[in-house]
Amino acid sequence: MARSTKAAHVGGASRPCPARVVALARGWIGTPYRHQASLKGVGADCLGLIRGVWRELYGHEPVSPPPYSHDWGETSSDDPLWRAAERYLAPSSGERPGDVLLFRMAPGATAKHLAIRANCGDLAPTIIHAYSGRSVIESPFIGSWRRRVVATFRYPERT
């Protein structure tokens, strides 16, 4: 988890409100899982959800991701999702609502899943994410998910 992080800054004046990030992510719940898609109500994968919330916050994406296969994480030792998160998101020191969580699905594997942290405080912790065979859902943030987190980011400040 010790990587340097330089987030790209976008036009505006401040960091997005975490409650707004969570509300926007919840607006995607029910969107069917579609590999490489990022259209609310039509289809999204985990990266597509993060990209869609980005567009709702900032109006445009800084870049479009290149095409990627379903098994890209199994066929490469590179960590492109982690590198992209470091470039476009800001580091976060915790797991707070609105944070973007990066997961490694198996020890030593490429980090290849993303989610947005939702509830905290007196409510049971949850994450909002999409994965194959499901739609965008809000799931309990339980041990099996928690132990797979390898990095935590937040949407960057508008500068």
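No donor-acceptor pair closer than 3.5 Å links the side chain of Asp79 to the backbone N or O of Thr110. Under the 3.5 Å distance criterion, the side-chain polar atoms of Trp54 are matched with a main-chain donor or acceptor of His60. In this structure a side-chain-to-backbone donor-acceptor pair under 3.5 Å is present from Arg104 to Ala109. Under a 3.5 Å cut-off, the side chain of Ser135 and the backbone N or O of Pro32 do not form any donor-acceptor pair.
Ion pair Glu56/Lys40 flagged as a salt bridge, since at least one NZ, NE, NH1 or NH2 atom sits closer than 4.0 Å to an Asp/Glu carboxylate oxygen. Residues Arg51 and Asp45 are not paired through a salt bridge, judged by the lack of any N-O separation under 4.0 Å between the basic side chain and the carboxylate.
Every residue two or more places apart in sequence or in another chain that forms a side-chain hydrogen bond (donor to acceptor under 3.5 Å, both in side chains) with Arg55 is listed here: Ser38, Glu61.
With rounding to the nearest 0.5 Å, the separation of OH in Tyr131 from NZ in Lys112 is 14.0 Å.
Heavy atoms of other residues, nucleotides or ligands lying less than 6.0 angstrom from CZ of Arg146 number more than 12.
In this structure, His129 and Trp145 have perpendicular ring planes: the angle between them is above 60°, well past the 30° mark. In this pair, His113 and Phe103 present their aromatic rings tilted. The plane angle is within the 30 to 60° band.
Here the side chains of Val150 and Trp82 are in contact, with some heavy-atom distance below 4.5 Å. Using a 4.5 Å heavy-atom cutoff, the side chains of Val21 and Tyr155 are in contact. A heavy-atom distance below 4.5 Å is not found between the side chains of Ile128 and Ile137.
Between Asp99 and Ser92, the side chains place a donor N or O and an acceptor N or O closer than 3.5 Å (distance only, hydrogens not considered). For the 3.5 Å distance criterion, the side chains of Glu138 and Thr126 qualify, holding a donor opposite an acceptor.
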